[in-house]
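Sequence lines set the chain letters: A, B, ... in the order given, protein chains first and strands last, and positions in each chain run from 1. Side-chain atoms are counted along with the backbone in the values below, which use heavy atoms only and exclude waters and symmetry mates.
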There are 2 protein chains.
Amino acid sequence: MAMGADGPRKRATIKDVAQAAGVSPGTVSNALSGKRRVDSATQARITAAIERLGYVPNLAARGMRTGRAGTIAIFSSMPTAVAAGAARLGFLMEIAASAAIAALESNTALLLVPPIEDPVRALSTIAFDGAILVEPETEDPYLSLLAARGVPTMVIGPATEDQPLAVRIDYRRMAETLFDHLHDVGARDILLVVGQSGRASNIAFREVFSQRSTAHGLPGQEIVLPEAEAERGAQAALRAHVAEFGAPDAVLVPIDAMATGVMAALRELGLRVPGDVCVATRYDGIRARSESPALTSLDLHLDQVAELAARGLVGALDTGAGAMVVDAPEPDLLVRGSTVLS
Amino acid sequence: MAMGADGPRKRATIKDVAQAAGVSPGTVSNALSGKRRVDSATQARITAAIERLGYVPNLAARGMRTGRAGTIAIFSSMPTAVAAGAARLGFLMEIAASAAIAALESNTALLLVPPIEDPVRALSTIAFDGAILVEPETEDPYLSLLAARGVPTMVIGPATEDQPLAVRIDYRRMAETLFDHLHDVGARDILLVVGQSGRASNIAFREVFSQRSTAHGLPGQEIVLPEAEAERGAQAALRAHVAEFGAPDAVLVPIDAMATGVMAALRELGLRVPGDVCVATRYDGIRARSESPALTSLDLHLDQVAELAARGLVGALDTGAGAMVVDAPEPDLLVRGSTVLS
DNA sequence: CATGTGTTGTAAAACGTTTTAATGCACTAT
DNA sequence: ATAGTGCATTAAAACGTTTTACAACACATG
């Protein structure tokens, strides 16, 4: 000791505080956490010492002892979550922003985990107590990994029986709202353009579309595409469809990247929106808004959804409660220029 | 021990692995980290044991020993960062998304820390090795807190002498590019609408605007507003300005929320964009794109900026290098319908 | 007086890793 | 033979908390 001069002062520890306040480390710990009463006089001495020494708890040490990291992670396996440019700001980021706020109010920080090639490595590199998983697939790799590791996981997505923590999204309701709007504005030859993967939202949209079409006695044609080349694929597919069958009255295209492709194809073909063809999509994101005309879509109330998810997860972690399933708020229709002349 | 049945199996520790492989914990640690050579035979036994026991390192324990949390945090004190709804997806989130990807490639996770009332609490609740600070103010509370705590902090923002880690943003260049574009499309009576706070970007825009206006012999009027009520304030101020001075040829309004207000006021006054008045803003975000016509703005290459910042910070943490200052890529003009008829 | 009860405080163990200094061991060079 | 040199490994000491079991004391109760 007595290391002389002005080297980078080592950070004060709880021991230093204890010594300065003339108590034991355990007492300081109790004073800090409030887990046990400490005499108000000692309490005062301790807070004074903390102040004077500029003590900041070592969170790693605390975490090792308590087994809590004080963080939750947000994941998504959606390939679109990592789209380029400003479109990167989609669904996932909108939820993340709100979840971060809600989490921080519970003294928990949010880890942003982008989709990467090697989920396993991510999970063993990053310390977190629980996870929020956005729109898991049917056999989602993250979900099974997290389950195997026993990490409490809050799913934002489809309702499943065996998922104890969830904010349930009603994709059928979305499909119904959009379909009915198109029908209301007079569309009869409605075309569905939808993703191929087994995601719940694709399935729900196809089911509802088919049911509603049958019920109204409409043709109900659909184009099913792989999600990967969403924009380009949708553009080409729509072009081909119009060439073969002529133009529909309306296109219902839940995935916004595909909606961009659809709009491009319609422009290319000289078809007017909404004069010749109406278009509606699901997520009111930057893509829907940057189109001209802007696309009719849904307000999914993602801020509320995120808050429910974050609070629910943190609550479950704190109380040890195993299950908490709530429904997302009902989506509201946002009528824009792509279905109604402004 | 011998606790009978099937309780929730305790997670395997490095000791268990060591025992199973017939070596000491230290050797397992070395095998894991690669910090020292271990014989390939023992290496194999160890990896086998890890596999068999499903061992996952306890990151808190590791962190305590190494003093590294394996995370970096991203902050911003910008009030606009927490705007409501989809507008929440601004600048900050766009940077965060890209930074998260870059960080994860270096085995570092990104903590999303929204602006809150009590920064001090956030800093002692959350464990992180370094920070990315977006657009700090002149006397930024976060910056001084982080500095006081000795946390390496990468600033994305204005160039300052004493900041060792930075991705420098050239706000003057942005102002010049936008002003010159407005001048090029024929605007002569250009109005600047800008924020009141001491943020570098406000200062740069005012300086450049004044210099350029003088150089060209233009009136160069400006409206300076508090950032808080950006949208409403800009709308009212522009209305008043037009009432007093008549309509300008063009409005240069760097803050996108204010640009929204300006557009609203122009609509209200029955002025056509770009026929009567051109409008340009700085950040090509959701607001700029959702306007009709969409607003001419700048591509700031935020993905590259974020990558530079994240990599630079992680590099500095790893190597202990104290300084790393780089320039952000030059912004590119995005000409849209608000300055040129499409 | 003996016993119980509640309140503050303490000492020491534990959490699971990494790192340091030391140990054996095989081999080479003197 | 002796010393020197690497190499692979180990034992044990940290890292800074929280928690457990216990002690000391004051006070009330029988």
(message) Side chain of A/R36, heavy atoms from C-beta onward: which of C/dT17, C/dT18, C/dG9 has the nearest atom to it?
(response) C/dG9

(message) Do B/L32 and B/I50 make a side-chain contact, defined as non-hydrogen atoms from C-beta onward lying under 4.5 Å apart?
(response) yes

(request) Between D/dT9, C/dT19, D/dT18, spot the one nearest the side chain of A/R65, thanks. (result) D/dT18

(request) State which of C/dT19, C/dG16, C/dT10 makes the closest approach to the side chain of B/N30. (result) C/dT19

(request) Starting from P on D/dG16, measure out to CD on A/Q19 and report it in whole angstrom. (result) 14 Å

(request) Please state how far atom CD1 in B/I46 lies from atom P in C/dT18, giving the value in whole angstrom units. (result) 12 Å

(message) A/T153 and side chain to side chain contact (heavy atoms under 4.5 Å, CB included): which single residue from A/I132, A/L146, A/L313 fits?
(response) A/L146

(message) Closest approach to the side chain of A/N58, judged atom by atom: which nucleotide of C/dT19, D/dG16, C/dG9 is it?
(response) D/dG16

(message) How many whole angstroms separate atom CZ of B/R45 from atom C1' of D/dA8?
(response) 12 Å

(request) In whole angstrom, give the distance that lies between atom NZ of A/K35 and atom P of C/dG9. (result) 18 Å

(request) Select one nucleotide: of C/dA21, C/dT8, C/dT17, the one nearest the side-chain heavy atoms of B/Y55. (result) C/dT17

(request) Check the distance between C/dT8's C1' and A/Q43's CD and give it to me in whole angstrom. (result) 13 Å

(message) Distance check needed: C/dG16 C1' versus B/D16 CG, whole Å only.
(response) 10 Å

(request) Figure out the NZ/P separation between B/K15 and C/dC15, and round it to whole Å. (result) 7 Å

(request) For the residue pair A/L123 and A/F128, establish whether any side-chain heavy-atom pair is separated by less than 4.5 Å. (result) yes

(message) Just checking B/Q19: does its CD atom have more than 12 heavy atoms from other residues, nucleotides or ligands closer to it than 6.0 angstrom?
(response) no

(request) Could you tell me whether the phosphate oxygens of D/dA8, OP1 or OP2, come under 4.0 Å of any side-chain nitrogen or oxygen in B/T42? (result) no

(request) Can you figure out which of C/dT17, D/dG16, C/dT19 approaches the side chain of B/M64 most closely? (result) D/dG16

(request) Please determine, for the side chain of B/D39, which listed nucleotide (D/dT9, C/dG16, D/dT17) has the closest atom? (result) D/dT9

(request) Figure out the CZ/P separation between B/R62 and D/dT17, and round it to whole Å. (result) 21 Å

(request) Check for a donor-acceptor pair, side chain of B/S106 on one end and backbone N or O of B/T108 on the other, with a separation under 3.5 Å. (result) no

(request) Return no unless some side-chain N or O of B/T13 is found under 4.0 Å from OP1 or OP2 of C/dG16. (result) no

(request) Side chain of B/R37 only, please: which of D/dT10, C/dT17, D/dA8 is the nearest? (result) D/dA8

(message) Taking only side-chain N and O atoms of A/T27, does any of them lie within less than 4.0 angstrom of OP1 or OP2 on C/dG9?
(response) no

